[in-house]
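To start, the structure under review is shown below, and the notes come after it.
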Amino acid sequence: TTYPGDSVFIDNATTNTYVNRYNFKTSGSYEFKIDSNNTVKLTAKANFYHTESEEDKSSTTAGNTGILKNSMDRDVKTNTDKQSITTTLLYKHRFKKARRTLSLNADWNLLNTDGSNFLKSLNQVYSNGTPSSSQAIDQQRISDKSTQKVSSRLVYTEPLSAKYSLEVGYELSYNYGKNNQVTYTYSPVSQKYDEEVDSLTNNFTQSILINKPNVRINYSGKKIKFNFGSGFGFTHFDLVDNTLGKDYIRNYTNFFPSASINYTYKNQHNLRFNYNGSTNQPSLNQLQPLRNNTDYFNQYIGNPDLKPSFTNSFNISHNTYNFLKDLFMYQSFNVRITSNAITNNRIIDLDSGKTTTKPINTN
């Protein structure tokens, strides 16, 4: 966050919100045995939402001496339809040899959002406490947003001895998203919202393909259980700004080590250590270079140059349970180290108090 000048801003706002919302949810699951060694389970969920809302807001922002920076009177009306569908397929095969297993887990997730938004606002900027400039906004925004993710994970486990086993897996996922947003300003001549605003209009698509093979060794003893292994993630980004004719293609390779140890030094007394590495992919809103001016003095714009973040997580925990006293005790220590963390950079203008937020990568 950068404050050029004043280090304190005082915001005073009054907001009235009216919401009319209804939704329909349904879910179901079906499990059946193909034979004595093969089972399949299918789970599906569907949610449908409709929201109509109106928000009136009046706000002022002053500097640390109480001198006005800006004021805003805003009315926002929205009408949104959203559909969310999730399906999961789980297949398990049991071999004749004990502890030898094969499983396949596949997921499909869909989220669609269609909406229209009417924004009317009067935004006043002050200089030394007196009005210096103003902007009146009367716009309609139409958005068509959709994200889909298909993923599958195949895992095979092979016993190596009475205490050791080998686990081999492969994960494949594909994430596709699109957001077509068009903003029109009101024309007094035609008395319609028919003048397109280029700076607030964008058609953006993303596709993210991830291949992740992995291998792990497991040990199970009387007092000690542990596993360790690693996976490799090959990620392909293809981001297309259809409005500006720009294509952002990037490839990343990540290393996903993991390890855990569970030591039961006596009955109901456990000491555990866990470590894993994981990535976090930026969302469609964070990637699309589209400005949101619903709040004129607090605007957000996406960043197509974002990289996925990578987090190393360490956890040590200890728990004990005294059966006679019915006393349970638990202690834990956690450390998370993230590289290329997706955070927000905020630039605040001294004269107007206007804040512009943009996601960036930091360590």
Side-chain angles (χ1 to χ4, degrees), residues 29 31 33 36-41 43 88-107 151-173 210-235 253-281 308-339:
S29 63
E31 184 174 2
K33 288 186 177 182
S36 59
N37 295 321
N38 298 276
T39 60
V40 175
K41 183 177 181 180
T43 304
T88 301
L89 177 68
L90 177 61
Y91 166 75
K92 292 182 179 181
H93 176 73
R94 184 176 63 181
F95 295 89
K96 292 182 179 180
K97 185 176 181 179
R99 295 165 52 220
R100 176 184 289 172
T101 64
L102 176 68
S103 65
L104 172 66
N105 193 306
D107 296 284
S151 63
S152 62
R153 187 169 186 263
L154 182 67
V155 179
Y156 174 75
T157 303
E158 175 68 23
L160 302 177
S161 67
K163 295 182 178 180
Y164 284 93
S165 66
L166 172 68
E167 180 182 298
V168 179
Y170 183 81
E171 184 176 345
L172 176 66
S173 68
I210 302 175
N211 289 275
K212 188 178 175 182
N214 63 85
V215 62
R216 183 165 63 181
I217 296 292
N218 300 291
Y219 172 84
S220 180
K222 185 177 181 181
K223 290 190 174 183
I224 296 179
K225 295 180 175 64
F226 68 81
N227 65 70
F228 63 90
S230 179
F232 293 89
F234 304 96
T235 304
T253 300
N254 291 111
F255 179 56
F256 297 93
S258 65
S260 69
I261 301 174
N262 184 12
Y263 176 43
T264 306
Y265 56 92
K266 66 178 182 179
N267 191 31
Q268 302 294 339
H269 291 68
N270 292 280
L271 179 64
R272 297 183 179 91
F273 168 79
N274 290 283
Y275 163 75
N276 70 79
S278 61
T279 61
N280 180 39
Q281 305 296 336
S309 66
F310 187 86
T311 300
N312 294 284
S313 300
F314 303 85
N315 170 261
I316 299 175
S317 63
H318 174 256
N319 67 275
T320 63
Y321 178 66
N322 188 315
F323 181 78
L324 296 178
K325 296 181 179 180
D326 193 23
L327 178 64
F328 176 79
M329 296 184 65
Y330 176 82
Q331 305 85 34
S332 69
F333 178 74
N334 302 276
V335 175
R336 291 169 58 88
I337 302 171
T338 302
S339 58

Quiz prompt | Asn254-Thr279 side chain donor-acceptor pair, cut-off 3.5 Å | solution = no
Quiz item: Do Arg100 and Arg94 come close enough that some side-chain heavy atom pair is under 4.5 Å?
Solution: no
Quiz item: If you round to the nearest 0.5 Å, how far is OG of Ser165 from CD1 of Ile217?
Solution: 7.5 Å
Quiz item: When you look at Val168 and Val155, which way does the side-chain contact (heavy atoms from CB on, under 4.5 Å) test go after all the steps?
Solution: CA-CA 6 Å; Val168 179; Val155 179; over 6 Å; no
Quiz item: Can you name the salt bridge (Lys or Arg N to Asp or Glu O under 4.0 Å) partners of Lys222, sequence neighbours left out?
Solution: none
Quiz prompt | Residue pair Leu90 / Leu104, side-chain heavy-atom distance below 4.5 Å | solution = no
Practice problem: Answer yes or no: is there a side-chain heavy-atom contact under 4.5 Å between Phe232 and Phe255? | Solution: yes
Quiz prompt | Non-hydrogen atoms of Gly277 and Phe310 that approach each other most closely | solution = CA-CZ, 3.7 Å
Quiz item: Hey, does Leu154 have a side-chain heavy atom less than 4.5 Å from the side chain of Leu102?
Solution: yes
Quiz item: In this structure, are over 12 heavy atoms from other groups packed under 6.0 Å from Lys92 atom NZ?
Solution: no
Quiz item: Do Tyr170 and Asn211 meet the criterion of a side-chain donor-acceptor pair at a distance under 3.5 Å?
Solution: yes
Practice problem: Side-chain contact test, heavy atoms from C-beta onward, threshold under 4.5 Å: evaluate it for Phe273 versus Phe314 and give yes or no. | Solution: yes
Quiz item: Among side-chain atoms of Tyr219 and Asn227, is any donor-acceptor pair under 3.5 angstrom?
Solution: no
Quiz item: Just checking, any donor-acceptor pair under 3.5 angstrom between side chains of Thr101 and Thr157?
Solution: yes
Self-check item: NZ or CZ of Lys223 within 45° of Tyr263 ring axis and under 6.0 Å
Solution: no
Practice problem: Taking the side chain as every heavy atom from C-beta outward, state whether Phe328 and Thr320 have any pair of such atoms under 4.5 Å apart. | Solution: no
Exercise. Decide whether Arg272 and Asn315 meet the rule of one side-chain donor and one side-chain acceptor closer than 3.5 Å.
Key: no
Self-check item: Flag for Asn105-Tyr91: side-chain donor and acceptor within less than 3.5 Å
Solution: no
Exercise. Go through the steps for Ile210 and Leu172 under the test side-chain contact (heavy atoms from CB on, under 4.5 Å), then give the verdict.
Key: CA-CA 6 Å; Ile210 302 175; Leu172 176 66; over 6 Å; no
Quiz item: Does the pair Glu158 and Arg99 meet the rule for a salt bridge (Lys or Arg N to Asp or Glu O under 4.0 Å), with working shown?
Solution: CA-CA 7 Å; Glu158 175 68 23; Arg99 295 165 52 220; over 6 Å; no
Quiz prompt | Audit row: Lys41, Leu89, side-chain contact (heavy atoms from CB on, under 4.5 Å) steps and yes/no | solution = CA-CA 6 Å; Lys41 183 177 181 180; Leu89 177 68; over 6 Å; no
Quiz item: Cut-off 3.5 Å, side chains only: do Thr338 and Thr311 have a donor facing an acceptor?
Solution: yes
Quiz item: Does Gln281 reach the side chain of Pro308, with side-chain heavy atoms less than 4.5 Å apart?
Solution: yes
Quiz item: Between Phe228 and Tyr275, is any pair of side-chain heavy atoms under 4.5 Å apart?
Solution: no
